[in-house]
Protein chains: 2
Amino acid sequence: MARRILKFSILGLLSKQDMSGYDITIEFTKAIGQFWSAKHSQIYVELKKLLDEDSISQYIEMAGVKLEKKMYCLTTKGKEELQKWVLELDDSVETEKDIFALKLYFLKDIPKQEIHSLFNNQLQLREKKLFNLQKQFSFLFGNQQNPIYLDSEELGHYLVLTKAISREENYISWLNGSLDLIKKAEDSLT
Amino acid sequence: MARRILKFSILGLLSKQDMSGYDITIEFTKAIGQFWSAKHSQIYVELKKLLDEDSISQYIEMAGVKLEKKMYCLTTKGKEELQKWVLELDDSVETEKDIFALKLYFLKDIPKQEIHSLFNNQLQLREKKLFNLQKQFSFLFGNQQNPIYLDSEELGHYLVLTKAISREENYISWLNGSLDLIKKAEDSLT
DNA sequence: TCCAACATGTAACAAGTTACATGATTTG
DNA sequence: CAAATCATGTAACTTGTTACATGTTGGA
């Protein structure tokens, strides 16, 4: 059987608090969405499956007068499965797919003007993303320079955000370095 | 229609030189496999599709006496499609999935002993990967400190490898920093 | 002569995307 | 009262994985 990452990311989210399918969809647009995501169409199907398998249970919460919000919470089985999965040690790392880097491998025959556009476009996207992550970070952790006082609930959030920020900073710095290099290579041909 | 990244990564590889399905499978275990990969079962199916669509053409090369190796090369259509795809500017970056980071978000209730194991295991995997990338890099580019003299064929390879190395270095440094932080947080509780 | 690597494929299934479909609630 | 957001779902399709299946070639 496959790895069912979506299953475990839903169980993980539900371990923090009860949620509806809609809530889970929203969560994937926030911090955790930096490392895993799914569309609502996939989420509703997976929730039904997890319910069938007794990893979660369901109850109804009224939102307004007629709108029934389906809330989900972990069962004992679900809690155990999650715990077990988190503690499992990986024996290899999967390919971290990156379409921009993939394209670079095929740069041959591309005019330098176009290469500059590609890099500048990517820089813009990455800087925007970094800016948003930093905004999230300072909203949550402010100026607080001592993350050692975070409780275990906040720690996960802190680690994930610093990871995402560090990843983007590194991406941007590599983009800048590579663009410089390409420009220098062009100059050396004149 | 979907984005067909596998299609374009195959076209990209074939733009460098004619290859068989087997050759393409092997390529995905090398540099380019850091950013995209696929199993042979998927590759053979995709090649048949690309042949149908006239993006590639096929010829036979005898390997030994009876073994017919099916070689593929780009058609004019395939070359144009590739060129167009490489030059397209993205308007957003997709989620860069990372299961280890995902797990960290769900750390609550995990004993510190186990957290150390998770980090140390990941450090080991990442360091091994970095070592292999550095080996590849020095094999290809040696001590040569002046990448500005690379021709456009080598440039793509250089960029992809430095990207992968930089990504791993950043990952490792974030792992070390976070592990330190967690240890300090534990000490502060005594 | 055996084994690893070369070489190509299919079938069944799981995972993920896009589009279609509907209705309630809140806010300006 | 209109529009944005909340809320849930299904259908058709694409993409990706695992397992099954077979045969060749080169080297120790």
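We use all heavy atoms of the structure for the numbers below, so side chains are in, but hydrogens, waters and symmetry mates are not. A, B, ... follow the sequence lines: proteins, then strands. Residue 1 opens every chain.
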S.K.: Send over the distance from H40(B) NE2 to dG9(C) P, rounded to a whole Å.
M.R.: 10 Å
S.K.: Is V45(A) reachable from I10(A) through a run of I, L, V, M, F, W or Y residues, each pair having side-chain heavy atoms under 4.5 Å apart?
M.R.: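 Hydrophobic grouping puts I10(A) apart from V45(A).
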S.K.: Taking OP1 and OP2 of dA19(D), is either one under 4.0 Å from a side-chain nitrogen or oxygen of K39(B)?
M.R.: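 Checking K39(B) against dA19(D): no side-chain N or O falls below 4.0 Å of OP1 or OP2.
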S.K.: Name the residue closer to the 5' end of DNA chain C, choosing between G64(A) and Q58(B) according to the nucleotide with the nearest heavy atom.
M.R.: Q58(B)
S.K.: Would you mind reading off the distance between R4(B) atom CZ and dT18(C) atom C1', rounded to a whole angstrom?
M.R.: 16 Å
S.K.: Please confirm whether the shortest side-chain N or O distance from Y44(A) to OP1 or OP2 of dG9(D) is below 4.0 Å.
M.R.: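 Y44(A) to dG9(D) OP1/OP2: no side-chain N or O under 4.0 Å.
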S.K.: State whether a side-chain donor-acceptor pair under 3.5 Å links Y59(A) with D18(A).
M.R.: yes
S.K.: Considering only side-chain heavy atoms of S20(A), which listed nucleotide, dT24(D), dT8(D), dG9(C), is closest?
M.R.: dT8(D)
S.K.: Output the rounded distance in Å from CG (D23(A)) to C1' (dC6(D)).
M.R.: 10 Å
S.K.: Does Y22(B) put a side-chain nitrogen or oxygen below 4.0 Å from OP1 or OP2 of dC6(C)?
M.R.: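 Yes, because at least one side-chain N or O of Y22(B) sits under 4.0 Å from OP1 or OP2 of dC6(C).
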S.K.: Answer with base, sugar-phosphate or nothing: what part of the nucleic acid does K7(A) contact at a heavy-atom distance below 4.0 Å?
M.R.: nothing
S.K.: Can you tell me how far P of dT14(D) sits from NZ of K48(B), to the nearest Å?
M.R.: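 Nearest whole value for this atom pair: 17 Å.
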S.K.: For dA24(C), does either OP1 or OP2 sit under 4.0 Å from a side-chain N or O belonging to K69(A)?
M.R.: no
S.K.: Is there a ring pair (Phe, Tyr, Trp, His ring centres under 6.0 Å) between H40(B) and Y22(B) once you walk through the steps?
M.R.: CA-CA 7 Å; H40(B) 78 271; Y22(B) 188 82; 8.8 Å; no
S.K.: Considering only heavy atoms and no angle criterion, is a donor-acceptor pair shorter than 3.5 Å present between the side chain of S41(A) and the base of dT18(C)?
M.R.: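 Looking at the base of dT18(C), it does pair with a donor or acceptor on the side chain of S41(A) (distance under 3.5 Å).
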S.K.: Taking side chain as C-beta onward, heavy atoms only, is K49(A) less than 4.5 Å from K7(A)?
M.R.: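 Not in contact.
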S.K.: Here's a test of your reading of the structure: between L6(A) and K66(A), which maps to the more 5' nucleotide of DNA chain C?
M.R.: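 Of the two residues, L6(A) wins.
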S.K.: Measure from CD1 on I24(A) to C1' on dA7(D) and round the result to the nearest Å.
M.R.: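 In whole Å, dA7(D) C1' lies 13 Å from I24(A) CD1.
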S.K.: Applying the 4.5 Å side-chain criterion to the ILVMFWY set and letting contacts propagate, would Y44(B) and L67(B) be lumped into a single cluster?
M.R.: no
S.K.: Given dG9(C), dT25(D), dG23(C), which nucleotide is nearest the side-chain atoms of K70(B)?
M.R.: dG9(C)
S.K.: From CD1 of I5(B) over to C1' of dT14(D), roughly how many Å is that when rounded to an integer?
M.R.: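 Whole-Å distance recorded here is 12 Å.
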S.K.: Write down the distance between CD (E61(A)) and P (dT8(D)), rounded to a whole number of angstrom.
M.R.: 10 Å
S.K.: Between E94(B) (CD) and dG16(D) (C1'), how many Å, whole number?
M.R.: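 Interatomic distance, CD of E94(B) to C1' of dG16(D): 16 Å.
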S.K.: Is any side-chain nitrogen or oxygen of Q42(B) closer than 4.0 Å to OP1 or OP2 of dT15(D)?
M.R.: no
